[in-house]
Amino acid sequence: MKTIITTLSLLLFVCVFSFGNPGRMVADTATHKLTVTLSGVNKRSGKVYIGLANDASSFSGQSIMQKSVDVPASGEISITFDKLKTGRYAVRVYQDLNDNQKIDMAGMMPTEPFGFSNVSVLMGPPDFDQSAFDLDADKSINITMIEM
């Protein structure tokens with residue numbers, strides 16, 4: 001009898017810790033799609049570079065994912081990031097008008113169009129927290145390009 005109780009207890013323990021929260025198991029493996037649409041693209045030349053960040057370090061430094069697209073002569077510009085895990089993200093973008101693959105600056109001011117998620121009016125350089133949004137399902141965001 002003692003062996004049966006021990007075996008059942010062990011089985012219950014394994015079941016609770018292996019299957020006790022199936023929703024969590026799905027959420028940990030779920031991936032999502034993020035579609036970024038750019039508005040206010042006034043200069044129809046060059047490329048647009050889009051960087052995706054998931055913390056302050058990747059927002060101010062090397063993005064976790066990057067994409068670039070040629071600016072079309074007309075129409076909207078949309079970029080999609082696939083297979084993103086649930087989490088907090090921010091997007092930064094710039095338009096490279098002279099094909100040098102970097103944003104040109106005049107002192108501390110960008111001379112090429114740029115933008116950030118959740119920022120439509122610039123009051124100094126935004127940080128990750130100002131630009132961040134939660135991604136827990138497929139999502140579309142709009143970024144308005146800023147020209148100085």
Side-chain angles (χ1 to χ4, degrees), residues 9-148:
S9 296
L10 183 60
L11 183 60
L12 180 62
F13 177 81
V14 169
C15 287
V16 166
F17 283 96
S18 296
F19 308 107
N21 191 353
R24 180 176 164 86
M25 291 174 65
V26 171
D28 288 347
T29 60
T31 61
H32 313 291
K33 179 171 63 172
L34 173 66
T35 302
V36 180
T37 302
L38 305 178
S39 61
V41 180
N42 298 321
K43 296 177 177 140
R44 291 299 180 155
S45 63
K47 282 189 175 199
V48 174
Y49 289 86
I50 304 94
L52 182 67
N54 64 352
D55 59 21
S57 176
S58 59
F59 186 73
S60 62
Q62 183 68 35
S63 300
I64 61 165
M65 293 180 83
Q66 304 171 61
K67 293 197 176 195
S68 65
V69 62
D70 291 326
V71 175
S74 64
E76 83 177 15
I77 301 172
S78 289
I79 302 92
T80 300
F81 292 94
D82 292 315
K83 299 181 182 172
L84 298 174
K85 293 181 180 178
T86 296
R88 197 152 171 77
Y89 294 91
V91 177
R92 58 186 179 169
V93 59
Y94 74 92
Q95 185 178 358
D96 185 10
L97 298 172
N98 59 2
D99 198 28
N100 65 353
Q101 299 179 0
K102 65 178 186 175
I103 187 162
D104 294 327
M105 306 286 281
M108 296 296 292
M109 302 296 279
T111 60
E112 294 177 301
F114 61 96
F116 302 94
S117 50
N118 290 337
V119 176
S120 57
V121 177
L122 197 62
M123 302 298 276
D127 61 19
F128 177 76
D129 289 331
Q130 290 171 304
S131 300
F133 55 88
D134 292 321
L135 184 70
D136 54 9
D138 290 354
K139 186 173 198 149
S140 295
I141 64 169
N142 183 69
I143 295 178
T144 302
M145 299 296 284
I146 300 168
E147 293 185 52
M148 302 304 275

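Just the heavy atoms: all of them, side chains too, but no hydrogens, waters or symmetry mates, feed the values below.
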**Partner set under side chain to side chain contact (heavy atoms under 4.5 Å, CB included) for S78, not counting sequence neighbours** = T35, T37, E76
**Contacts of Q62 that satisfy side-chain hydrogen bond (donor to acceptor under 3.5 Å, both in side chains) - sequence neighbours left out** = none
**Spacing of CD1 belonging to I146 relative to CG belonging to L122, to within rounding of 0.5 Å** = 5.0 Å
**Atom pair CG/CG of D104 and N98 - distance to nearest 0.5 Å** = 4.5 Å
**Nearest non-hydrogen partners of K47 and S68, listed with the distance** = NZ-OG, 4.2 Å
**Item:** Pairs where residues 137-148 contributes a residue and the test salt bridge (Lys or Arg N to Asp or Glu O under 4.0 Å) is met, not counting sequence neighbours
**Value:** K43-E147
**Item:** Minimum heavy-atom distance between A90 and F133, given as atom pair plus value
**Value:** CA-CE2, 4.0 Å
**Contacts of type side-chain hydrogen bond (donor to acceptor under 3.5 Å, both in side chains), residue N142, not counting sequence neighbours** = S39
**Message:** Taking the side chain as everything from C-beta on, heavy atoms only, tell me whether N42 gets closer than 4.5 Å to M145.
**Reply:** no
**Asked** Do L97 and P113 come close enough that some side-chain heavy atom pair is under 4.5 Å?
**Response** yes
**Request:** Any pair with a residue in residues 54-77 that passes ring-ring contact (aromatic ring centres under 6.0 Å, His included), sequence neighbours left out, goes on the list, sorted by first then second residue, please.
**Result:** F59-F116
**Asked** How about V93 and V36: do any of their side-chain heavy atoms sit closer than 4.5 Å?
**Response** no
**Message:** Could you work out, with side chain to side chain contact (heavy atoms under 4.5 Å, CB included) as the rule, every residue matching D136, not counting sequence neighbours?
**Reply:** T86
**Request:** Please report the shortest heavy-atom distance between V41 and R44, naming the atom on each side.
**Result:** O-NE, 3.3 Å
**Prompt:** Can you find a pair of side-chain heavy atoms, one from I141 and one from Y89, that are under 4.5 Å apart?
**Reply:** no
**Asked** Please, which pairs that meet side chain to side chain donor-acceptor pair (under 3.5 Å) have at least one residue in residues 106-131, sequence neighbours excluded?
**Response** none
**Message:** So, using side chain to side chain contact (heavy atoms under 4.5 Å, CB included) as the criterion, who are the partners of Q101 when residues are at least two apart?
**Reply:** Y49, D96
**Item:** side chain to side chain donor-acceptor pair (under 3.5 Å) partners of residues 50-59, not counting sequence neighbours, each pair once
**Value:** N54-S58, D55-S58
**Request:** Measure the NE2-CG distance between H32 and L84 for me, rounded to the nearest 0.5 Å.
**Result:** 8.5 Å
**Prompt:** Which residues satisfy the side chain to side chain contact (heavy atoms under 4.5 Å, CB included) test with I79, sequence neighbours excluded?
**Reply:** L38, I50, K67, V69, I77, F81
**Asked** For D70, what residues pass the side-chain hydrogen bond (donor to acceptor under 3.5 Å, both in side chains) criterion, not counting sequence neighbours?
**Response** none
**Prompt:** Do the side chain of R92 and the main chain of F114 share a donor and acceptor less than 3.5 angstrom apart?
**Reply:** no
**Request:** Not counting sequence neighbours, which residues clear side-chain hydrogen bond (donor to acceptor under 3.5 Å, both in side chains) with R88? List them please.
**Result:** D134
